[in-house]
Amino acid sequence: MRIVPFRVEGKYFKKMIRLYCDLFEVDALGMEVQFKRHSTYPLFEGYLAIINEQVAGYIYGYSSLKGQYYHDLLARHLRTEPEWMNHCMELVELGVDPKHRSRGIAKHLVERLLQNRTEEKVLLTTRKDNHTAIAFYHKSGFKIIREGFYPNVPHEYIIMGKHLVKTGR
């Protein structure tokens, strides 16, 4: 397995879109537009796990700032815990092809994304019924901050967060 930087102009971008659409059963064009927009956000960073020239997994995130759509949704829901919104990043997307799961790919991707971040905290959301993801994030040091989050979708999400450890950066 190789870990390569996520680039919207890169040769693996369309393959990553295809995997995302397979995992979440969504429209490819809409996701391509969204991913391209996200890639312009401050301190955007992402990685792809490549096995046999195929995308086996992906991850990306960016600094969470006032005025960004999801930041503002999170801030409204976390108004009783505003400290989570200060100097944080959002882990926006993480996915692994089902045929490559249970090989540590998600763990490697999360570690790679978080290893040199300058923010103090990382936030993410996941569906409340996604018990596998929640267990993975708990094992990775995340804690549930809030439940009952409906980011303009009919499914309940939970907000999870983690304080980032500063190394000798």
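- Linking Ile, Leu, Val, Met, Phe, Trp and Tyr residues whenever their side-chain heavy atoms come within less than 4.5 Å places Met31 and Val55 in a single cluster.
- Among residue pairs with one or both ends in residues 33-52, those qualifying as ring pair (Phe, Tyr, Trp, His ring centres under 6.0 Å) are Phe6-Phe44, Tyr20-Phe35, Phe35-Tyr60, His38-Tyr41, His38-Tyr60, His38-Tyr62, Tyr41-Tyr62, Phe44-Tyr60; sequence neighbours excluded.
- Residues that satisfy the side chain to side chain donor-acceptor pair (under 3.5 Å) test with Lys66, not counting sequence neighbours, are absent from this structure.
- Here the closest non-hydrogen pair linking Gly67 and Asp72 is N-OD1, 3.1 Å.
- With rounding to the nearest 0.5 angstrom, the CD atom of Glu156 is 4.0 Å from the OH atom of Tyr150.
- Cluster membership for Phe142 and Val92, using ILVMFWY side-chain heavy atoms within less than 4.5 angstrom, is not shared.
- Under the ring pair (Phe, Tyr, Trp, His ring centres under 6.0 Å) criterion, no residue pair touches residues 86-113, with sequence neighbours excluded.
- Leu114 has its side chain within reach of Met89: a pair of non-hydrogen atoms, C-beta onward, lies under 4.5 Å apart.
- When all heavy atoms of Tyr157 and His155 are compared, the pair lying nearest together is CD1-O, 3.3 Å.
- Between Arg79 atom CZ and Arg146 atom CZ the span is 7.0 Å, to the nearest 0.5 Å.
- Put simply, the side chain of Leu73 reaches to within 4.5 Å of the side chain of Phe149, judged on heavy atoms.
- Atom CG of Leu123 is separated from atom OH of Tyr70 by 10.0 Å, given to the nearest 0.5 angstrom.
- Tracing side-chain contacts under 4.5 Å through hydrophobic residues (I, L, V, M, F, W, Y), one never reaches Val4 starting from Ile59; they form parts of separate clusters.
- Note: Lys143 NZ to Met160 CE = 10.5 Å, rounded to the nearest 0.5 Å.
- Distance check: Lys128 NZ to Ile144 CD1 gives 8.0 Å after rounding to the nearest 0.5 Å.
- Heavy-atom minimum distance, Ala133 versus Thr126: CB-OG1, 3.7 Å.
- The two atoms that bring Ile51 and Ala56 nearest to each other are CD1-CB, 3.8 Å, heavy atoms only.
- Atom CD of Glu53 sits in a crowded spot, with more than 12 heavy atoms from other residues, nucleotides or ligands closer than 6.0 Å.
- By the 4.5 Å heavy-atom criterion applied to side chains, Pro151 and Thr125 are not counted as neighbours.
- In this structure, the side chains of Leu164 and Cys88 stay at 4.5 Å or more apart for every pair of heavy atoms.
- The minimum heavy-atom distance linking Ser64 with His71 is given by the pair OG-ND1, 2.7 Å.
- How far OH of Tyr137 is from OG1 of Thr132: 11.5 Å, rounded to the nearest 0.5 Å.
- Side-chain contact between Ile145 and Glu81 is present, with at least one heavy-atom pair separated by less than 4.5 Å.
- Contact between Ile105 and Ala49 at its shortest, heavy atoms only, is CG2-CB, 3.6 Å.
- Remark: Glu45 does not engage Arg112 in a salt bridge, criterion side-chain N to carboxylate O under 4.0 Å.
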